[in-house]
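The structure under discussion appears below in the form of structure tokens.
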Amino acid sequence: MPELPEVETTLRGIRPHVVKKRVVRVVVRNRRLRWPVPASLAAELVGQTITAARRRAKYLLLETRAGTVLIHLGMSGGLRVVSARTPPGRHDHVDLVLSSGDCLRYHDPRRFGAILWTRGDPGQDPLLSRLGPEPLTRAFTGRVLQESARGRTAAVKSFIMDARVVAGVGNIYASEALFLAGIRPERAAGALSPESCARLACAIKRVLRDAIHRGGTTLRDFKSSDGRPGRFQARLNVYGRAGEPCRRCGAAVLRTRPGQRSAYHCPRCQR
DNA sequence: CTTTGCACCTGTTGGC
DNA sequence: TGCCAACAGGTGCAAA
């Protein structure tokens, strides 16, 4: 469900409800997520006040003086702010009960997500320390992309989905960015011209910004923290549109599988 | 070092 | 209507 824009949408939705609130209780109904929810979460988080809520790649960070809650939504995770008295549903695995009477509730049918606790500088955590630049910052440019692509033979689509290259480009937006940049997904990353790298970096920024602006993409089940679906799916040019006409030239959109994930592209607009 | 494929789960969809 | 295979927005890890 969530790529970077959906995570950012979630962050913006929960932030006003969690920052400056104290965590009074942690309820773990099922600790078996991607990694077990650690006992240190409840032990060290309860009594702490959340000082800031941030995003790094697709990780959400809830910071306190004692440490940071790291949350990843995986493929099917979601966070909602509900009253602490709202009865939990199936797959509502973790609650952070807040001093306001609200509760930050983590829901995740597939349980590919994670809720972890890290002390000290969260940037030093092994999960975050090797991440590449945030795509929406100045640190991410065509030149930086070109530099890290040097000598790489992997398909450009898998390349931009590698979080060590650029943090947080997932399957939908990789296809969409390559469409905007006019580049075929299977091209070798290292073979791209400097101009193509520049166009690709711009396209990644553009598609992510636009999707955030529209509250993310809802394909089947993404709901932002207020329960509303995203509106970006109407803007998708190629993702999920195999066989349908390209919006730009009318040629049939193709679905391929470089690696084991679906890629979509227009054979005429992308070279 | 890079590249590839797998594993982890449940739910939905589409074809027969 | 029912059944079953294929597929789904992620990503760390092991193996080559």
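In the text below, chain A, chain B and the rest are named by the order of the sequence lines, each starting its count at 1. For the numbers below, each heavy atom of this structure counts, side chains included, while hydrogens, waters and symmetry mates do not.
Residue A/Arg111 places no side-chain atom within donor-acceptor reach of the base of B/dC9, judged by atom type and a 3.5 Å distance cut-off alone.
Residues A/Arg241 and A/Arg247 are in side-chain contact: their nearest non-hydrogen atoms beyond the backbone lie under 4.5 Å apart.
Between A/His93 and A/Tyr106, the ring-plane angle classifies as tilted under the 30° and 60° cut-offs.
Heavy atoms of A/Tyr239 sit under 4.0 angstrom from primed sugar atoms or phosphate atoms, though from no base atom.
Between B/dT3, C/dG9, B/dC6, one nucleotide has an atom nearer to the side chain of A/Arg164 than all others, and that is B/dT3. Minimum atom distance to the side chain of A/Arg257 is reached by C/dC7, of the listed C/dT11, B/dG5, C/dC7. Of all nucleotides listed (B/dG11, B/dC6, B/dT2), B/dT2 comes nearest to the side chain of A/Arg152. Closest to the side chain of A/Lys58, from the set C/dT11, B/dC9, C/dC7, is C/dT11. Taking only side-chain atoms of A/Leu219, from C-beta outward, the nucleotide of C/dG9, B/dC9, C/dA8 with the closest atom is C/dG9. Of the candidate nucleotides C/dG10, B/dG11, B/dT3, B/dT3 has the atom lying nearest to any side-chain atom of A/Thr153. The side chain of A/Phe112 has B/dC8 as its nearest neighbour among C/dG9, C/dG12, B/dC8. In the set C/dG9, B/dT10, C/dG12, C/dG9 carries the atom at the smallest distance from any side-chain atom of A/Met75.
With sequence neighbours left out, A/Asp95 forms a salt bridge (charged side-chain N to carboxylate O under 4.0 Å, His left out) with A/Arg29, A/Arg105. A/Arg257 is linked by a side-chain hydrogen bond (donor to acceptor under 3.5 Å, both in side chains) to A/Ser262, counting only residues two or more places apart in sequence or in another chain.
In terms of phosphate contacts, A/Ser262 brings no side-chain nitrogen or oxygen within less than 4.0 Å of OP1 or OP2 of C/dC7.
Both A/Arg110 and A/Leu127 lie near DNA chain C, and the one whose nearest nucleotide falls closer to the 5' end is A/Arg110.
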Dot-bracket for DNA chain B, 5' to 3', Watson-Crick and G-U pairs with both distances under 3.5 Å, [ ] for crossing pairs, | for partner on another strand, reads .|||||||.|||||||
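Taking both residues in full, the closest heavy atoms of A/Glu134 and A/Phe140 are given as O-CB, 3.5 Å, listed atom of the first, atom of the second, then distance.
Looking at A/Tyr173 and A/Thr217, their side chains do bring a donor and an acceptor atom within 3.5 Å of each other.
Ionic pairing of A/Arg206 and A/Asp210 is not present here: no N-O contact between side-chain nitrogen and carboxylate oxygen is shorter than 4.0 angstrom.
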